[in-house]
Amino acid sequence: MVRNRVALLLVTAGLVAALGLPFLSHAPNRLLSGQAIALVSILAGPRLFVLIPALLIAASPFLPERRALQVLVAGGTATLLLALVWLAGSEAARLAETAPRAARTSLGSAFWALCGCLGLILHDQLRRISPSLVLRSVIAAVLCLALATLLGAGSLAQLSLLREYAAHRDLFAAALLRHALIVALALLPAVLLGVPLGIAAERRQRVRGVLFPLLNLIQTIPSIALFGLLIAPLSALAAAVPVLGAAGIGGVGVAPAVIALMLYSLLPVARGAAAGLASVPAAAVEAARAIGMTARQVLWRVEMPLALPVILAGLRIAAVQAIGLTAVAALIGAGGFGAIIFQGLFANALDLVLLGIVPMVALALAVDAMFALAVTATARVPR
Amino acid sequence: MIEFEQATRRYGDIAAVDGVSLRIERGEFFVIVGSSGAGKSTLLRMINGLIPCSAGTIRIDGRDIRTLNAEDLRRRLGYVIQSIGLFPHWTVARNIAAVPDLLGWPAEKIRARTLALLLLLKLDHEVYLNKYPHQLSIGQQQRVGIARALAADPEGLLMDEPFAALDPITREALQREIASIHRGSGKTIIFVTHDMNEALMLASRIAVMDQGRVVQVGTAAELLTKPSNDFVRSLVGRDDAGLMLLSTEKVADRMRHGAGEGETSITAEASLRQALSRMLLVRAERLAVVDNAGRTIGTIDIGDLVRRR
Amino acid sequence: MTMRTLRDPLTWVVLVLAALLALLPRAESFFASLFPWLERPIYRQESFLALVGAHLGLVGASSAAASLIGIIAGIAVTRPSGAEFRAIVTTIVTVGQTFPPVAVLAIAVPVMGFGTLPALAALFLYGVLPILESTIAGLTAVPVAVRDAARGIGMSDGAVLRRVDLPLAAPVIIAGVRTSVIINVGTAAIAATVGVRSLGLPIIIGLNAANVAYVLQGAVLIGLMAVALDLAFERVLSWIERWRRL
C-alpha cells in the first residue's frame, strides 16, 4: 500500500541513479575523460552501514503517516546525505593514495542525482512533520554545519572539486568578496532610492503611472545588453574625468555592473514598498493622523513598521536576482563567481564551473532563507 | 465650546456639509444623528481639521481653527472611530500611550495614566497591558480605543459611530460606560451615530442632519414631542415616540424614595423604558428600586412613568 | 494604418528595429566619428539580420518546447490526482530559479559540449520554470465557485479544464511565458560565449577586442528585440482580455 507517491517517485529515481549512473569518475589527468565508478562497487566492509538508512528511506513510501516514523525517516535521509558525501570523499582519498598526482576523482551524475533526490525527500518529510519555517531553517543550518565540518576536517579534500578549490584558493576568496561587494553596492542605493520612490508611487497616481512602466522597461532589457549599453558612456565619462578613472570607475569592470544591477533592483524594491504601504490598515493610518501625529510621525511610527514585511519581501527578490545577475557581469570584467564559471566554461573544466556555481547558489539560497526569516519575524500582524 | 458658522464642505458640485451653524457647549454630550451620507462624519472631521472647510468658519473657544496648528489641535481632542484603528504592531499599553508619548510626558506619568484608564474601561491590566490588538475581541479593542482617546486628558472627545460594528450586548455595555465616563469627567463629547435610539439614550442635545444640513437641534424630549418636519418624525418613530421618550429618562429621576414595595426590583440606573418592560413582563404595576449594591432605596409605580413632571 | 497603430509603442519599436537593421551596415561613418580609434566600427562578420533570425530561432524553439512541457506539467500537478506532487514541484521551481540562467548554460556545456544543442537544452530547462510556476498559479486562482458551477451544469473534467480553467488562467499563464521568453532572450545572448550564433556575438567579440562599437550595436539590437517581444506579449494579453469579455 503506497502511502506517499512523492517519496515513491523520488526513491525510484534515486535507486535508478544509484544503480545506473556513475557515482564517481576517475581519470588519470584533467584532459582525459574518467572511468565511471558505480556506487555499489565501493560499498564494502563498514561502508555497508549506509544501507541501513537507505533501506529505511526505500521503505518510507509504504510506511504509515506517523510522526515518529517521519522523524526517523527525516533523520535517516539527512544521515544518508552526509554519509554519501563522506563516502565520496573517502573513496577519492583512497584512490589518491595509489594514483599519480595528476589523477582526479570527480563527483559523478549519480552523486548529484542522489543528493537532489535525498534533499527533496528530506524536504517532503519535514513539510509533513511541521510547516514551521523556523524549524526547517534550523535543520538546514544543522546540515550545513555538518557539511562544513566534513569540509573542514579535510575528508573531502581529494575530490577534484576541492582540489580545484585548493589550487585557486586566492582566486576563490577574491571572487567571493567581489561578488558580495557588487551585490551590496547595488542593493544599498536601490533601497535608498527605491523605497521612497515606491512610497511616492503608492501615494500619487501620476508617479505610479511613470515609475512602474519605466522600471518594467529596464527589467525587460537583458542584463548583458544593459551592461553593454552602459560601457560606452561610462568609458567616455572616465576619459573626460580622469579622477574617476583612477578611482576604478570605468567602462568595464565593477562600475557598469553596479549601476545596471541597481537599476534592475529598483523594480522589486519599489514594488515592495508600494505594496507594503498599501497593505497598512487604513483605520490605523486614519487614527494616527487623528490623534495628532505629523505626516512624518505617521510614516515612521505606523506605516513603515507595518509595511516592513512586504518591503523585505521585495528586497529578498532583488537580492537573489542581483546575485544571479552578477554572474553575467563577469563577462564585462566585474569579477565575482561568474569569472570562475566562465573560466571553467572556456577550459571545458566542469569542476571549475561547479566551483563557481555551487557557492553562488548556496549564497543565493542562504540570502533567500535569511530574508524569508526576516519577513516572518517582522510580521507583527497575523492576517 | 465649539461653534460652526455656515460651515460648508464641497466635493465638486456636491455639498457634503451645507451651511451648518451650530453651537456646542462645554460639557455637553452632543449627538449628531442622520442616515448614511447625511454629512455627519464629515462634520465631525471638520472639527479637528481632518477635513478642511470649503467655506464658513469653525471656532473652538472663540478661535478660528484655521489659525490653530492642526496637530496640536488633534492632540487636544480624543478621536474614536468605528473601525477602531488600533496600531497593530503596538501593545495595548503603547497604543494608549500614543498621545502622551507625542506630548512628551514622563514615563512614570504615562504608566500611571495607562493603568488608570484600563481600570476605567474595565480591562484587567494584568491581562491586557502587553497584549496586541489582534489578540483582543472587537469590544475589548474599542475599549482600548476609547482609553487611547482619553489618555492625554483631552478637552473633548470626538466619536464617529464607535459602537456600530459591535454586537448588541457589547454595544449596550459600552454605551453605559461612555455615559458614565461623561458623567464622571464632564468632558464635551461629540458623538455621531445613525442609530436614533442610541442618540436618545446618550445625548444631552441632538442635532439631526439630512443631506448636509442640520434640520433640528434639541433635547431628546424636544425631538420626540416636537419634531420639526417629517424627516425628523420618521427618525424618531411615529408610533413608538412615546416609548422612546421613556428611554431618555432613568428610574432614578422618577422614583419615590423610601421603602420599597413590589416583588420584583429594578436598578435606579435603568431607563424608564426598561422599567416599563419589566413591569409588563412580571405583570406588576410597581417595582422596587435598588441601587448598584442591591440595597432597596425606593419604589417606582406605573403611574410615575406617565405622569407629567 | 489607423491612428491607434501609429501611436502604439510596439509599432514604433518594431519600426526602429527594422530601420536599424537596414541602416546599420551603412552607418560606418557615423560610428567612425563616434569612436575614431576603432579600425572596424561596424560588426561585419555576420549580417545583423541573420543574427536576429538566429536569436529569434533559439528563443522561439526553446520557449515553444518549454511552454508545452511547462503547461502540461502545471496542469498535471493541479489535478486532484497529481496534487501530492505540487509541493515538490514548487520547491524544484523555486530552488531552480535561484540558479541564474548562466549556471544552467555553464553546466550543460561541459556535459554536452559546445554548440547549439547544449544552449537549447539550457534555454529549455530554465525556461520551463517560470511557465510551470505561472501555470500552477493561474490554475489555482480559478474561483472554486466557478468550477463548481461548471461541474454542476454537467461538464466533464476535461471540459471544465478546456472551457473554464484554461481560459480563466490564460492571462497568468501567458504572463509566465512572457517572463520565460524575455529571460531566454538574455540567456541566448550569453550563449554566444559558447559558440552559438546570436545577437550576443557582437557583444562578446566586442568585449574581447575592446571594441565599444560592436558592444553598443549588439546591445541596442538585443534591447530593442526584448522590448518588442515584451510589448507583443502585452498586446496578446490585452486581446485575451477583450476576447474573454465577449
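Residue numbers begin at 1 in each chain, while the letters A, B, ... track the order of the sequences.
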Based on non-hydrogen pairs under 4.5 Å, which of [options] is most in contact with chain A?
options                        : answer
C:A189, C:G223, C:A106, C:A213 : C:A106
C:T98, C:L105, C:L221          : C:T98
C:A226, C:A219, C:G186         : C:A219
C:G206, C:P101, C:P110, C:G218 : C:P110
C:I203, C:L231, C:V95          : C:I203
C:V215, C:I222, C:L207, C:V212 : C:L207

ask   = In terms of heavy-atom pairs under 4.5 Å with chain C, which of A:D368, A:D124, A:I332 leads?
value =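 Option with the top pair count is A:I332.
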inquiry  = Taking every non-hydrogen pair under 4.5 Å, which of A:L229, A:I341, A:I221, A:L354 racks up the most with chain C?
reply    =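 Among the listed options, the one with the most contacts to chain C is A:L229.
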request  = Taking side-chain hydrogen bond (donor to acceptor under 3.5 Å, both in side chains) as the test, write out the residues that go with C:R40, two or more places apart.
outcome  =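 With neighbours one apart ignored, the set is empty.
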ask   = Any residues in residues 316-324 of chain A near chain C, with a heavy-atom distance under 4.5 Å, and which are they?
value =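 Residues in range: A:V320, A:G324.
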Does any backbone or side-chain atom of [X] lie under 4.5 Å from a heavy atom of chain C? Answer side chain, backbone, both or neither.
X      : answer
A:L9   : side chain
A:R5   : both
A:I357 : side chain
A:F342 : side chain
A:N4   : both

ask   = Would you say the side chain of C:T193 lies within less than 4.5 Å of the side chain of A:F346, judging by non-hydrogen atoms?
value =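 A:F346 reaches C:T193 side chain to side chain.
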ask   = Tell me, do C:I204 and A:I224 make a side-chain contact under 4.5 Å, heavy atoms counted?
value =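 With C-beta onward as the side chain, the pair touches.
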message = I'd like to know whether CD of C:E39 has more than 12 heavy-atom contacts from other residues, nucleotides or ligands below 6.0 angstrom.
response =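 No, not enclosed.
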A:R128 CZ: over 12 foreign heavy atoms closer than 6.0 Å =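 Result for CZ/A:R128: enclosed.
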Tell me, for [X] versus chain A, whether the close heavy atoms (under 4.5 Å) come from the side chain, the backbone, both or neither.
X      : value
C:V102 : side chain
C:V220 : both
C:F114 : side chain

task = Applying side chain to side chain contact (heavy atoms under 4.5 Å, CB included) between A:P222 and each of C:I183, C:V185, C:T187, C:N184, report the one that passes.
result =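 When side chain to side chain contact (heavy atoms under 4.5 Å, CB included) is applied between A:P222 and each of C:I183, C:V185, C:T187, C:N184, only C:V185 qualifies.
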Please report the shortest heavy-atom distance between [X] and [Y], naming the atom on each side.
X      : Y      : answer
A:G228 : C:L216 : O-CD1, 4.3 Å
C:V109 : A:N348 : O-OD1, 4.4 Å
C:F85  : A:V6   : CE2-CA, 3.7 Å

message = Between A:R127 and C:T91, is the side-chain contact (heavy atoms from CB on, under 4.5 Å) condition met? List the steps.
response = CA-CA 11 Å; A:R127 206 180 43 86; C:T91 309; over 6 Å; no
